[in-house]
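Computed over heavy atoms, backbone and side chain alike; hydrogens, waters and symmetry mates excluded. Position 1 is the first residue of the sequence; numbering continues from there.
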Amino acid sequence: MRSLTLIFSIGLTLLLIACTSGGVPADAPAAATTDVSSVQPPNIIYILADDLGYGDLGSFGQQTVQTPHLDAMAAGGLRLTQHYAGSTVCAPSRCVLMTGKHVGNAYIRGNNRGDDGYELPIPEDEVFVSELLKDAGYHTACIGKWGLGGPGSTSHPNAVGFDYFYGFLNHGHAHNHYPDYLWRNDEQVPTGNVMTDASRLDSLGKGVAVERVAYAGDLFFREAGAFLDRASEDDKPFFLYLALSVPHTNNEAPRLLKHMPEEARPQRGQEVPSLGRYANEDWPGPQIGTAAMITRMDAGVGELLARLQALGIAENTLIIFSSDNGPHAEGGNDPGFFDSNGPLRGIKRDLYEGGIRVPTIAYWPGTIEPGRLSPHLSGFQDLLPTACDLADIEPPAGIDGISFVPTLLGSDQQPEHDYLYWEFFEQGGKQAVRWGDWKGIRLKAQQDRESAIMLFDLTNDLGEQSNVADQHPEVVAHIRRLMDQARTPSSIDRFRFRWEQ
């Protein structure tokens, strides 16, 4: 593997000022380049929001909800404007992120639960990015929402290379932002929140707390800070996967709280300790709650950035921020209210751009040139080879990702994907392919392999409003071939198209 040429800034002080003021000074000096291939590999922090739309950050066009710290990261780093989630819902998207295989080859291809209520475990022969980095000498931690295997399974975080885990093991539990317990490695740790039999839907903690003491999002940022403190005490690099559970709604809250007067449950499923600056807005309750959740998350990111600086490790830490899929319309939330998908069509559970294109920021003071924007076509499957590239190790064979380290460093030698592929097994089954500037979507794919393909020219129709399939039959034919060849049949019945049975 080639040695990395890293870029160190002689203007760090100005960059730190930019992070707190929301921008980068126009007269900031250019970064200097030094060959430091023998220096310790960088720390890596991957922050994943849950159901955050492409248009939910100010740096990606949001006009109302305030995200000053993430916007400062974007100003001091790189915005990836054509970066895609692994899927349009939680579990498969996270499987793609961790294993480097797109959803047509990933083991998990849809939200699912086993008989024990936890998501299906992933076999031992699947390789996770955390395993590779741990073997390369990294401290590793997963904090937040996991959703890829329950306690004692082959894909519990501790079984796939994470030294430390704190958070939710399954997706249903993660709906509750005030859980009565969280997992620390293989132990349930009480939070002080109280649930009753009437407010608990299952034994795994799904439901609504009736006494609220500790907010899961705050606990995650606290644990992340403590991990950084520990990891900074020696000379090993670290990998922190901070998988937040906001702004996902508590899907169960509206029906569990329906007996309460409206004024006592104004935010319905958008659980948050304080409405902050939005408390007096004349908006529907769920929108107030959604805005407060996003801005509180942003404040947590700001605290994390400040901690890195205080520990003196900001310059050797790459932070990537993204979202697992598009914005949701659950718990009373209206994604159109804040224009959460920006110029894109579709939301969570769609394979239109709004369901899978996600706001993504890469920030690495002194290495990533501030204020850059890249249209490089990339996706969650690219994290694993990118991390391997940074750690100077070889990625495993059989993955679908491509390292985007050249894009981070501003190189013009970035390899490109021939195409990107998605599939989804709800609503009749769907497939989508991004090939250059063409986007093909096949609905009802589960029933009929020959069902019609819609074609969109994203150069001239970013909102996917005009189906031009009839005008470009040769493009449609090529995309159909890609849909057929991109995937391997799943070993799990529920993740097979009907014509594969």
Legend entry - Sequence neighbours excluded, every pair satisfying salt bridge (Lys or Arg N to Asp or Glu O under 4.0 Å) that has a member inside residues 351-360: Glu353-Arg357, Glu353-Lys439
Inset, instruction - Under the side-chain hydrogen bond (donor to acceptor under 3.5 Å, both in side chains) rule, collect the residues that match up with Ser322, sequence neighbours excluded. - result: Thr360
Legend entry - Asp457: partners by salt bridge (Lys or Arg N to Asp or Glu O under 4.0 Å), with sequence neighbours left out: none
Inset, instruction - Please list, chain by chain and in numerical order, all residues satisfying side-chain hydrogen bond (donor to acceptor under 3.5 Å, both in side chains) with Thr386, sequence neighbours excluded. - result: none
Legend entry - Within residues 225-235 or reaching into it, pairs that qualify as side-chain hydrogen bond (donor to acceptor under 3.5 Å, both in side chains) - sequence neighbours excluded: His139-Asp234, Asp229-Arg307
Legend entry - Test side chain to side chain contact (heavy atoms under 4.5 Å, CB included) applied to Asp334 - qualifying residues, sequence neighbours left out: Gln287, Phe337
Inset, instruction - Name all residues meeting the ring pair (Phe, Tyr, Trp, His ring centres under 6.0 Å) criterion together with Phe338; count only those two or more places apart in sequence or in a different chain, and write none if there are none. - result: Trp283
Legend entry - Pairing residues for His248 by the ring pair (Phe, Tyr, Trp, His ring centres under 6.0 Å) criterion, not counting sequence neighbours: His175
Legend entry - Summary of salt bridge (Lys or Arg N to Asp or Glu O under 4.0 Å) pairs that have at least one residue in residues 403-422, sequence neighbours excluded: none
Legend entry - Qualifying salt bridge (Lys or Arg N to Asp or Glu O under 4.0 Å) pairs, either residue in residues 286-302, two or more places apart: Asp218-Arg296
Legend entry - Face-on cation placement of Arg109 at Phe495 ring, 6.0 Å and 45° thresholds: no
Legend entry - Residue from Asp324, Thr88, Asn341, Asp51 passing side chain to side chain donor-acceptor pair (under 3.5 Å) with Lys348: Asp51
Inset, instruction - Under the side chain to side chain contact (heavy atoms under 4.5 Å, CB included) rule, collect the residues that match up with Asn158, sequence neighbours excluded. - result: His156, Phe165, Asn185
Legend entry - Pairing residues for Arg372 by the side-chain hydrogen bond (donor to acceptor under 3.5 Å, both in side chains) criterion, not counting sequence neighbours: none
